[in-house]
Amino acid sequence: MAEYAEEPSSEPLYVLRHSTAHVLAAAVCQLHPGTKYAIGPPIENGFYYDFELPEPIGESDLRPIEKKMAEIIRKRLPFVQVKLPRAQAIELFKELGQTYKLEILEAEAKDDEVISTYQTGDLFVDLCRGPHVRDSGDIHAFKLMRLAGAYWRGDEHNKMLTRIYGTAWPTREELDQYLHDLAEAEKRDHKRLGRELKLFAFDERTGAGLPLWLPAGATVRREIERWIVDEEVQRGYQHVRTPDVARLDLYKKSGHWDRYHDSMYPPMRFEESGEVLELRPMNCPHHILVYQTELRSYRDLPLRIAEIGNNWRFEKSGELSGMNRVRAFALNDAHIFCTPEQLEQEVRGSLELAMYFSEVLGVDEYWYRLSVRDDTKAKWIGGEAEWSAAQAALAGALASLDQVYRLGPGEAAFYGPKIDFQVRDAMHREFTNSTVQVDFQLPELFDLEYVAEDGGRRRPVMVHRGAAGAMERLFAYLIERYAGAFPTWLAPTQVVVIPITDAHLPFAAEVAARLKRSRIRVDLDDSQERMNKKIREAQARKVPYMAIVGDREREAGEVSVRDRAGAQTAEPLEDFAQRVALEIAERRR
RNA sequence: GCCGACGUAGCUCAGUUGGCAGAGCAGCCGCCUCGUAAGUGGCAGGUCGCGAGUUCGAAUCUCGCCGUCGGCUCCA
């Protein structure tokens with residue numbers, strides 16, 4: 001997301017949106033005298049502007065603001081750049097009572113710097129590098145979208161300002177297209193499809209952020225999990241099962257309680273015994289305990305402990321979002337214990353596995369974020385040398401795979417840097433799916449050791465990795481990626497058998513039985529409905545194949561196959577069963 | 001948690017200025033036996049999210065909770 005530190009850009013769309021933000025601010029100041037304006041950058045698809053308003057406003061106030069903006073646009077007010085010495089700029093914004101602009105000037109401008117301001121006619125003046133369109137008449141198509149609160153400088157300890165989001169386009173047609181695309185994206189929304197396809201449900205009686213996986217959704221998940229575990233075992237991972245709770249002390253020792261107790265479930269305290277148990281927010285401490293069940297030799301390393309582990313995090317209510325952000329989730333987790341020499345190779349192996357999972361599942365639009373520390377010292381533990389060794393291993397592994405990445409300063413885990421696989425949902429919001437993290441700190445905290453060749457004790461390094469991420473978030477992604485039309489191997493129902501009339505039910509049952517023998521998930525639609533209705537319903541459920549049978553098929557031992565794209569073929573039942581089974585076995589997309 | 005919006009039948013939504021709660025789809029019971037996206041008739045279904053308050057009277061107004069959505073913050 002764009003910030004005030006954002007480099008100015010002369011890209012035309014960027015300029016247009018930035019200029020529209022100025023017009024928005026001008027309109028708001030006209031309608032709400034006494035408004036202080038903070039920052040108003042262009043962003044992907046639009047712009048926003050943050051205000052401190054003299055009185056609270058609601059969404060019904062947006063319409064009048066749009067009208068005022070249209071008025072300003074009709075006046076064709078020129079955008080004029082005025083350069084001022086810093087002292088004079090400070091004087092100007094002081095007179096205007098624009099304290100946020102003063103704060104920016106004082107924090108970011110050097111004493112001798114010439115300050116750029118932009119005037120919109122005589123209505124509005126902003127601290128701004130520009131560039132801008134020539135005059136407000138160059139703005140042809142915009143719309144205010146919504147209202148939101150946003151903390152000044154993105155810090156929740158600061159005052160919350162009122163943010164107005166808008167969108168702007170060169171032409172009316174492009175604006176309409178954008179709005180149309182938004183509506184289309186909403187149809188792919190996993191929350192909507194989750195309900196329509198009966199994949200999962202939320203019920204306030206279980207509590208916020210606690211999904212119920214319905215039979216169809218649980219089927220997709222089971223297929224993914226079976227395959228994941230199988231692949232990992234194949235690659236030398238050792239799958240374990242560890243409990244969802246542990247003594248609170250375990251998380252105190254790991255440092256998690258200290259840092260994250262606000263978003264951990266409250267400890268369960270038992271009066272009689274004095275025991276204090278805690279729902280686990282992640283799996284690493286348990287896997288460390290697995291490591292410590294034996295004295296480990298260098299010959300055991302790398303030791304890859306894996307589990308699809310349930311994690312419990314009490315996310316703030318406003319942070320919950322469908323399946324993307326829940327309070328209970330299952331992570332495709334593993335912790336690799338290795339020597340420093342093995343580190344880069346293990347990172348590389350983890351990346352390759354995550355890439356492979358992504359490819360087979362169809363997570364095909366992602367990029368790598370190398371998440372590193374920033375200079376907020378208190379957030380990170382461990383020494384400089386370890387952090388740079390960790391970062392070198394991560395960057396080295398990416399380089400060895402010829403992958404480019406973007407840096408994410410301040411996005412590291414508290415114990416070390418990581419590579420995050422970043423994806424976008426249907427509404428273009430960014431999420432982390434897979435992750436590979438290097439950790440020198442937990443081995444230290446838990447005093448992990450292995451016996452080296454020379455008989456001495458050494459400290460292993462840990463790689464934390466979620467190759468497919470959390471089942472919930474992955475599912476949300478896949479639902480949106482496929483708009484609910486899963487590849488056949490994942491589809492909850494793979495074939496619906498549809499008899500043309502009740503007279504064909506016995507043969508339809510035979511067809512279903514034959515398909516089931518090949519472990520194909522098949523439904524026989526024996527409802528009292530017409531064939532057309534049954535086709536319509538199978539289509540709505542996005543079932544990959546319909547096997548439609550009547551007299552002709554019964555006589556020939558065939559099925560009439562209609563796929564969900566609408567293509568039709570007639571083929572022997574045996575051929576159909578085999579080709580679907582093959583498609584499933586190959587996990588074809 | 002904070003800002004804004006929202007919560008009416010299983011789902012999607014109507015419900016005038018406060019005056020007897022509606023439709024379509026889904027469900028159930030019939031009839032129809034049909035060749036590639038909705039055959040047809042009937043029946044049933046609602047503490048209007050929950051709890052207070054205002055009022056002769058509240059789905060509608062006020063307040064507090066719960067939940068959902070969009071942002072902000074957070075994301076081990």
Side-chain angles (χ1 to χ4, degrees), chain A residues 1 48 50 53 56-62 145-165 186 189 191-192 195-196 198 201-209 251 254-264 280-285 311 313-322 324-325 329 331 333 379 411-416 418 420 427 429 431-432 435 437 439 442 464 466 470 473 498-505 528-540 546 548-553 560-564 566-568 570:
Chain A
M1 187 137 298
Y48 67 77
D50 286 348
L53 289 147
I57 62 169
E59 249 151 45
S60 58
D61 294 293
L62 292 183
M145 302 299 283
R146 64 182 66 89
L147 223 52
Y151 300 106
W152 167 235
R153 287 188 178 276
D155 184 335
E156 67 176 322
H157 303 295
N158 287 341
K159 194 179 183 71
M160 180 164 270
L161 307 174
T162 303
R163 174 170 298 179
I164 299 177
Y165 281 96
E186 270 171 40
D189 188 321
K191 299 184 288 295
R192 173 182 178 143
R195 186 171 48 243
E196 288 175 357
K198 303 183 186 180
F202 287 94
D203 188 310
E204 45 180 301
R205 291 170 294 185
T206 51
Y251 307 106
S254 69
H256 289 98
W257 175 255
D258 213 34
R259 281 184 171 68
Y260 297 110
H261 62 269
D262 281 347
S263 52
M264 287 169 69
R280 68 171 168 195
M282 63 357 245
N283 311 305
C284 14
N311 290 172
R313 296 181 188 176
F314 198 78
E315 309 286 5
K316 293 180 195 169
S317 58
E319 289 163 349
L320 300 172
S321 181
N324 272 321
R325 204 68 189 280
F329 59 93
L331 200 62
D333 207 1
K379 280 159 71 179
E411 303 286 350
F414 72 87
Y415 46 72
K418 56 189 176 129
D420 296 315
M427 300 302 287
R429 289 171 295 209
F431 290 93
T432 298
T435 182
Q437 319 181 348
D439 176 11
L442 290 180
H464 307 235
R473 186 172 286 180
I498 298 175
I500 287 174
T501 75
D502 290 354
H504 309 112
L505 260 172
Q528 287 295 303
E529 295 291 347
R530 296 180 82 185
M531 177 201 61
N532 276 332
K533 178 72 173 293
K534 296 180 181 185
I535 291 172
R536 185 183 157 83
E537 275 175 4
Q539 202 78 51
M546 288 166 240
I548 298 166
V549 295
D551 291 333
R552 292 205 294 267
E553 288 75 16
S560 172
V561 178
R562 178 189 164 116
D563 71 20
R564 62 190 158 196
Q568 291 174 42

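In what follows, chains are A, B, ... by sequence order, proteins preceding strands, each numbered from 1.
Between D155(A) and R153(A) there is no salt bridge, since no side-chain N of the basic residue sits under 4.0 Å from a carboxylate O of the acidic one. Salt bridge status for K316(A) with E156(A): present, with a side-chain N to carboxylate O gap under 4.0 Å.
Two rings, from F414(A) and H256(A), have their centers less than 6.0 Å apart.
For the pair Y165(A) and rC72(B), the criterion of a side-chain N or O lying under 4.0 Å from OP1 or OP2 is met.
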Pairs under 3.5 Å (N/O, protein and nucleotides 25-28 of chain B):
from, atom 1, to, atom 2, distance (Å)
rA26(B), OP1, K533(A), NZ, 2.9

Would you tabulate the nitrogen or oxygen pairs shorter than 3.5 Å linking the protein to nucleotides 64-69 of chain B?
from, atom 1, to, atom 2, distance (Å)
rC66(B), O2', E204(A), OE1, 3.4
rC69(B), OP1, G322(A), N, 3.2

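In this structure, R146(A) reaches the sugar-phosphate backbone alone: every heavy-atom distance under 4.0 Å involves primed, P, OP1 or OP2 atoms, never a base.
To the nearest angstrom, P of rC72(B) lies 16 Å from CG of N158(A).
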Dot-bracket for RNA chain B, please. Rules: Watson-Crick or G-U, both distances under 3.5 Å, ( ) within the strand, [ ] when a pair crosses earlier ones, | for another strand, . otherwise.
(((((((..((((.....[..)))).(((((.......))))).....(((((..]....))))))))))))....

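Ranking rU33(B), rG1(B), rA76(B) by closeness to the A413(A) side chain, first place goes to rA76(B). Ranking rG71(B), rA76(B), rA38(B) by closeness to the R536(A) side chain, first place goes to rA38(B). Listed candidates were rC34(B), rU73(B), rA76(B). Nearest to the side chain of E156(A) is rU73(B). Looking at the side chain of R163(A), the nearest of the listed nucleotides rC72(B), rA76(B), rG35(B) is rC72(B).
Side chains of M546(A) and Q539(A) form a contact here, defined as non-hydrogen atoms less than 4.5 Å apart.
Comparing the P positions of rU8(B) and rC13(B) gives an interatomic distance of 9 Å, to the nearest angstrom.
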